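To find a chain, count down the sequence lines: A is the first, B the second, and so on, and within it residues start at 1. None of the values given here were measured: they were computed from a predicted structure.
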Amino acid sequence: MWIAGNREPEFIWKIPLPDGFLPGLDVFPGNAYPVIRKNPLHPEQLEAVLMRWGLVPHWSTTLEDIEKYGSKTFNARAETAQELPTFRDSFQRRRCLIQIAAFYEWRKIDKFKEKHQIVSSSGGPLILAGLWDRAFIEAEPLDSFTVLTCPANALLDDIHQRMPVILGQKAAREWLDGKTDLHDLLRPCPSHWLEILPANEQNNMGLDLGEG
DNA sequence: CCAGACGTTGTT
DNA sequence: GTCTGG
DNA sequence: CCAGACGTTGTT
DNA sequence: GTCTGG
């Protein structure tokens, strides 16, 4: 999976886009991308902060650690994230949201990759459930995030066995607040929320995302 | 005790 | 940081 | 898309 | 250059 970056003028709940974020670009693991979280010092405030995609666990201390851990943690399985050492603290205390324009999945047919772009059938953005963490790499703080995945819904199952956890606005707020049963939120979204478009070399690089 | 792992997706 | 395996 | 590997022996 | 992994 990779991501077509948000292209709305602001995030849900009128959260402003962070400085330095260029809307509409495709995003790959290792890239910086804004995530929506509670401000760690002022939890009543929501903010959008650029973070590295690929969660670098809090015990990491070196650049080598970033490679070692952060290159393998761009997704976290919703079924296991609460228990795994790499994600469990974040599941408990550092949940976040990732607002995107679309995501891409592909299926291999022989040696061809058939690429698909998945968008919201409403025409708006998609909100993904994520986790973030902070490591101190040579004493410098590094915030990074991962996208939770769940089994594919009926629409996407043809293409791919897994999909990101996609939340409605109410569920998105509940994910941040953590006052409800979080596992109830981490389900495949209804198929009718989504629409599958073909993607190819011409339109899989953000060029069809409303620039013209 | 110490050293090493700590993850996901897709498997033409 | 915490757990597992040797 | 971009970054990194691209290998073997020997066994911390 | 080409393949893999994120």
Fill in: Rounded distance in Å between the C1' positions of D:dT12 and B:dA5
16 Å
Atom CE of A:Met163 and atom C1' of B:dT9 are separated, to the nearest Å, by 15 Å
Is the A:His183-A:Phe91 ring centre distance short of 6.0 angstrom? yes
Among the nucleotides B:dA5, B:dT9, B:dG7, whichever has the atom closest to the side chain of A:Thr86 is B:dG7
Checking B:dC6, D:dC1, B:dT9 against the side chain of A:Asn75 (C-beta onward), the nearest is B:dT9
Requested in this report: Give a yes or no answer on whether the side chain of A:Ser144 reaches the backbone of A:Arg52 with a donor-acceptor pair at less than 3.5 Å.
Outcome: no
From CH2 of A:Trp53 across to P of B:dT9 the rounded distance in Å is 12 Å
TODO: For the residue pair A:Pro18 and A:Tyr33, establish whether any side-chain heavy-atom pair is separated by less than 4.5 Å.
DONE: no
dist A:Leu197:CG -> A:Tyr104:OH (nearest 0.5 Å) comes out at 9.5 Å
Closest of B:dT8, B:dA5, B:dG7 to the A:Thr80 side chain is B:dT8
Please state the C1' separation for the pair D:dT11 and B:dC6 - nearest whole angstrom.
-> 23 Å
| said: Between the base of B:dC6 and the ring of A:Phe87 - centre-to-centre under 5.5 Å, planes within under 30° - is that a stack? | reply: no
A:His58 atom NE2 is separated from B:dG7 atom P, nearest whole Å, by 11 Å
Distance, P atom - from B:dG7 to C:dT2, rounded to whole angstrom | 15 Å
key: OP1 or OP2 of C:dT2 under 4.0 Å from side-chain N/O of A:Arg88   = no
Check the pair A:Ile100, A:Leu128 against side chain to side chain contact (heavy atoms under 4.5 Å, CB included), reporting the backbone distance first and the verdict last. CA-CA 8 Å; A:Ile100 66 175; A:Leu128 310 183; 3.8 Å; yes
Mate of D:dA5 across any strand shown (Watson-Crick or G-U wobble, both atom pairs under 3.5 Å) is E:dT2
Expected list for residues 29-41 of chain A near DNA chain B, using heavy atoms below 4.0 Å, is none
A:Asp133 CG to B:dG7 P, in whole Å, measures 13 Å
Mind checking A:Thr149 for me? I need base, sugar-phosphate or nothing, with any heavy atom below 4.0 Å counting as a touch.
sugar-phosphate
Rounded to whole Å, CH2 of A:Trp2 lies from P of E:dT4 at a distance of 16 Å
Rounded to whole Å, NZ of A:Lys115 lies from P of D:dC1 at a distance of 7 Å
Among C:dG1, B:dT9, B:dT8, the one nearest any side-chain atom of A:Trp59 is C:dG1
Practice item. Would you please confirm or rule out a distance under 4.0 Å between OP1 or OP2 of B:dT9 and any side-chain N or O of A:Arg162? Key: yes
Here the distance between atom C1' of B:dC6 and atom CG of A:Leu55, to the nearest Å, is 11 Å
Quiz item: With a 4.5 Å heavy-atom cut-off, do A:Trp53 and A:Ile3 have their side chains touching?
Solution: yes
Practice problem: Pick base, sugar-phosphate or nothing for A:Tyr69, based on heavy-atom distances below 4.0 Å to the nucleic acid. | Solution: base
Rounded to whole Å, the CZ-C1' distance (A:Arg52 to D:dC2) equals 12 Å
(message) Is a donor from one side chain sitting under 3.5 angstrom from an acceptor on the other, for A:Arg162 and A:Thr149?
(response) yes
- How far does the P atom of E:dC3 sit from the matching atom of B:dT9, given to the nearest Å? 26 Å
Around A:Gln92, counting heavy atoms of other residues, nucleotides and ligands shown, do more than 12 lie under 6.0 Å from its CD? no
